[in-house]
Structure formats: structure tokens, C-alpha cells
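We count residues from 1, following the sequence as given. Note that this is a predicted model, so its numbers are computed, not measured. Counting starts at 1 for both ligands and their atoms, following the listed order.
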Amino acid sequence: MAPIFTPRADARLRLVLVVAALLAVLALALGYAWARSGSTWAVGKPAEQPIPFSHAIHAGQLGLDCGFCHSDAARGAGAGMPAGELCLGCHQRVWNVTAQFAPIQAAVDAGLATQWASVHRLPDHVRFHHAAHLAAGVTCATCHGAVETMPRTVRAETLSMGWCLDCHRDPQTRGLTPVGLGAQPYVHAGIEVPPLTRCTVCHK
Ligand code: HEC
Ligand code: HEC
Ligand code: HEC
Ligand code: HEC
Ligand code: HEC
């Protein structure tokens, strides 16, 4: 029986198939790179704030300690936000109170907290605790980057599950000293599992 396709057509078909396969691999690789990249996680993107607050001025130039404004971090789950009175305390004296400060003054007058936008909020199903990390020796900069150089606050790390686990698998090799859950060995079905990688550590 005579071949249906000429050898040239066969070669062309093979070439098309090879190119298609290569393109599929490339698309997968690009998709993977995109899923793993910072842009998917809004790394480096500032949020619209009621007033353009600058860490570069307050924590950098003026050298105010992080704990001066985020005093809950050392004791609790949340880091906390400064009360509006704290800003106005300085700004009524040190720096003229301009129209810029109206949203803060209004919140203080109403007895409410200033509504800062967050660039770090985790999904509701995830648990996080600041003090547990500070007690083990993790610094603010490990997770938040060089905040004292930021004119507008941005996320420095993805805060993805993979990012958390990179450290939770083996915090000791990073010079950290777990004192809570991470210090207790955990055995599951006869196998020793790194204790901080258990789902229930981070999920409710
Ligand atoms: C004078 C008060 C003040 C000081 C000092 C200060 N912060 Fe802040 N911080 C704020 C305010 C106000 C916001 C909310 C506005 C913003 O995100 O820029 C904020 C926001 C943040 C956020 C983002 C929170 C979120 O929900 O996304 C991080 C992270 C943070 N600060 C870390 C630090 C670190 C680390 C330091 C020390 C290097 C520091 N801050 C020092 C007042 C302060
Ligand atoms: C192990 C990583 C890690 C360390 C260390 C860390 N943070 Fe955070 N921070 C986070 C995560 C994750 C969130 C978001 C928490 C959430 O949504 O429940 C957050 C949220 C915040 C917020 C927003 C307000 C809040 O209470 O959620 C501020 C402000 C903040 N951090 C400041 C600090 C300061 C200041 C330090 C150092 C004293 C610090 N953080 C240390 C990971 C970290
Ligand atoms: C310890 C005193 C002090 C506190 C507390 C303080 N500030 Fe300031 N802030 C200053 C000084 C000083 C400057 C002026 C720096 C300059 O002009 O170089 C400034 C500058 C500013 C500016 C102008 C920044 C710019 O881009 O030109 C804003 C807006 C501001 N602060 C908001 C706040 C807010 C909001 C808070 C509370 C979370 C706050 N400040 C707390 C001392 C303070
Ligand atoms: C740089 C390392 C590091 C990173 C990054 C990190 N952690 Fe941790 N985490 C630790 C260490 C160390 C402890 C303390 C364990 C101890 O003392 O037993 C801890 C403790 C915790 C605890 C408290 C466990 C308990 O109940 O005692 C929670 C919850 C937690 N981490 C969640 C997270 C989440 C969610 C992220 C990512 C958004 C994250 N961590 C990122 C190192 C890290
Ligand atoms: C060290 C903390 C940590 C541990 C341990 C952990 N997770 Fe997560 N997980 C996270 C964080 C943070 C997110 C949210 C990421 C984001 O912002 O979408 C997440 C998200 C998820 C999601 C939502 C889908 C997604 O990708 O966003 C699922 C499902 C999940 N985790 C399952 C698990 C299971 C199952 C385990 C145990 C094998 C586990 N996680 C252990 C931190 C953790």
C-alpha cells in the first residue's frame, strides 16, 4: 500500500509535534515561575493609606524603635498599631498639624482606631503569633525586610505556606532556638516529623 503522506510531510509533522511539546513545557515552566514569583503575592506593592506614613522618616531618620508603635509584638499574637494620640502628641508640637492629619484627628475624636490598610493580612484559616517568633530569636527584618528604609510600607516576603515551611522545617540551622512546640519532638505513625511542620501549628 502506498504511503498516505510523503516523507517530507512526515518530517514536517514530526517537527510540528516537537515544537508543540517544547512550547507546552515552556508554558508550564513559565506558569510555575509566575506562581512562585513575588508578583503573585503582591510583594513590593504599597497600599492606599488614610495618611502617607513613612517608616523611612520615623523608624529610619528619627530612629524610633519598632516597639514604640507596635508594642504588642513582644507579648501577643498581633503586633498592634499605634494610637492616633501617639501621632498627634508629636505632630501638634514637632510638626504642624495640616489637613493631612484630619483622618487621624477624626478617629481620635470618635474614640476609634485609625483604619490603616494592611499589606500583610493572612487568610482567616491561618494562625500566626508574633511573640512566639520573637522568643525564638526571629527578628522583624527576617519577615518584614528593612522596614526602616521604606517610604511606603510594602510586603518584603511572599508569606506563602512554602515560605513559612522553609523555616519551620529546620529553624535550628538558622540559629533560632525554639522554646515551645518546636522544642518538643513529634512522632507520627512511628516517624519523627519536624514538630513545626504539623498542619495544626498554622491552621485552625
Ligand atoms: C511612629 C510609629 C511607628 C514606628 C516607630 C514603626 N511603625 Fe510600623 N507602622 C506604623 C503605622 C502607622 C503603620 C500603618 C501604615 C503603613 O503601613 O505604613 C505601620 C505599619 C507597619 C507594617 C505593615 C502592617 C500591615 O498590616 O501590613 C509593618 C510590617 C511594620 N509597620 C513594621 C515596623 C517595623 C519592623 C518597625 C521598626 C523598624 C516599625 N514598623 C516602626 C507606625 C510605626
Ligand atoms: C516570623 C515572621 C514575622 C516576624 C518575626 C515578625 N512579623 Fe510582623 N507579621 C508577620 C505576619 C505573617 C503578619 C500578618 C499576620 C496576620 O495576618 O495574622 C504580620 C503582621 C504585622 C503587623 C500588622 C498588624 C498586626 O498586628 O497583624 C505589624 C505592625 C507587624 N507585623 C510588625 C512587626 C514587628 C514590629 C516585628 C518585630 C518586633 C514583627 N512584625 C515580626 C510576620 C512576622
Ligand atoms: C516622636 C515624634 C513623632 C511621632 C510619634 C510621629 N511623628 Fe510623624 N514626623 C515626625 C517628624 C519630626 C517629622 C518630620 C520629618 C521631616 O520633615 O524631615 C514627621 C513627619 C511626618 C509626616 C510627613 C512625612 C513626609 O512624607 O513628608 C507624616 C505624614 C507623619 N509624620 C505622620 C505620622 C503619623 C501618622 C504618626 C503616628 C503613627 C506619626 N507621624 C508619629 C515626628 C513624629
Ligand atoms: C525564620 C523562621 C520562621 C518563619 C519564616 C516563620 N516561622 Fe513560625 N515559628 C518559627 C519558630 C522558631 C517558632 C517558635 C517555636 C517554638 O518556640 O517552639 C515559630 C512558631 C510559630 C507558631 C507558634 C506555634 C505555637 O503554638 O507555639 C505559629 C502559629 C507559627 N510559627 C506560624 C508561622 C506562619 C503562619 C509563618 C508564615 C507566615 C511562619 N510561622 C513563619 C520560625 C519561623
Ligand atoms: C508554618 C505554617 C504552616 C504549616 C505548618 C502548614 N501551613 Fe498550610 N498554609 C500556611 C499559610 C501561611 C497559608 C496561606 C498562604 C496564602 O496566603 O494563600 C496556607 C495555606 C494552605 C491551604 C490553602 C491553599 C493555599 O495554597 O493557599 C491549604 C489547603 C493548606 N495550607 C493546607 C495545609 C496542610 C494540609 C498542612 C499540613 C501538611 C499545612 N497546610 C501546614 C501555613 C502553613
Short N or O distance, [X] and ligand 1, threshold 3.5 Å exclusive:
{"X": "His58", "value": "no"}
{"X": "His70", "value": "yes"}
{"X": "Trp116", "value": "no"}

Hey, is [X] touching ligand 1 through its side chain, its backbone, both or neither, going by heavy atoms under 4.0 Å?
{"X": "Gln49", "result": "side chain"}
{"X": "Cys140", "result": "side chain"}
{"X": "Val119", "result": "both"}
{"X": "Phe68", "result": "neither"}
{"X": "His144", "result": "side chain"}
{"X": "Arg155", "result": "neither"}
{"X": "Asp65", "result": "backbone"}

Next item on the list: Apply side chain to side chain contact (heavy atoms under 4.5 Å, CB included) to the pair Val193 and Val187, showing each step before the final yes or no.
Entry: CA-CA 6 Å; Val193 178; Val187 179; over 6 Å; no

Item checked: Test item, Thr142 contacting ligand 2 (heavy atom, 4.0 angstrom) -> no

Check: Do any heavy atoms of Gly80 fall under 4.0 Å from ligand 2?
Finding: yes

Notebook entry, point to check: Once the angle between the rings of Phe53 and His55 is folded into 0 to 90°, is it parallel (under 30°), tilted (30 to 60°) or perpendicular (over 60°)?
Noted result: perpendicular

Next item on the list: May I ask you to decide if the ring planes of His144 and His120 are parallel, tilted or perpendicular, using 30° and 60° as cut-offs?
Entry: perpendicular

Item checked: Leu181 versus Pro195, closest heavy-atom pair with distance -> O-CB, 3.6 Å

Notebook entry, point to check: How far apart are the closest heavy atoms of Asp124 and Lys204, and which atoms are they?
Noted result: O-NZ, 3.1 Å

Sub-4.0 Å atoms of ligand 1 with respect to non-hydrogen atoms of [X]:
{"X": "Glu148", "value": "38 (C)"}
{"X": "Leu64", "value": "1 (C), 5 (C)"}
{"X": "Thr153", "value": "16 (C), 17 (O), 18 (O), 22 (C), 23 (C)"}

Need the ligand 2 atom indices (1-based, order shown) with element for anything under 4.0 Å from a heavy-atom of [X].
{"X": "Cys143", "answer": "1 (C), 2 (C), 3 (C), 4 (C), 5 (C), 42 (C), 43 (C)"}
{"X": "Leu134", "answer": "38 (C)"}
{"X": "Gly78", "answer": "26 (O)"}

Using a 3.5 Å distance criterion without hydrogens, assess whether the side chain of [X] forms a donor-acceptor pair with backbone atoms of [Y].
{"X": "Arg155", "Y": "Gly44", "answer": "no"}
{"X": "Arg152", "Y": "Ala47", "answer": "no"}
{"X": "His188", "Y": "Ile191", "answer": "no"}
{"X": "Glu148", "Y": "Gly63", "answer": "no"}
{"X": "His70", "Y": "Met81", "answer": "no"}
{"X": "Thr114", "Y": "Trp116", "answer": "no"}

Item checked: N, O or S of Cys66 under 2.8 Å from atom 8 (Fe) of ligand 1 -> no

Checklist line | Thr139, portion touching ligand 2 at heavy-atom distance under 4.0 Å | finding: backbone

Is it true that [X] and [Y] fall in one hydrophobic cluster, defined by side-chain heavy atoms closer than 4.5 Å?
{"X": "Leu86", "Y": "Ile51", "value": "no"}
{"X": "Val147", "Y": "Val154", "value": "yes"}
{"X": "Phe128", "Y": "Leu159", "value": "yes"}

Check: Is it true that Phe68 and His58 have ring centroids separated by less than 6.0 Å?
Finding: no

Measure and list all N/O to N/O distances between ligand 5 and the protein that fall under 3.5 angstrom.
from     : atom 1 : to     : atom 2 : distance (Å)
ligand 5 : 7 (N)  : His203 : NE2    : 2.7
ligand 5 : 9 (N)  : His203 : NE2    : 2.9
ligand 5 : 31 (N) : His203 : NE2    : 2.9
ligand 5 : 40 (N) : His203 : NE2    : 2.8

Item checked: Contact check, side chains of His168 and Cys202, non-hydrogen atoms, under 4.5 Å -> yes

Checklist line | Minimum-distance N/O/S atom that His130 presents toward atom 8 (Fe) of ligand 2 | finding: NE2

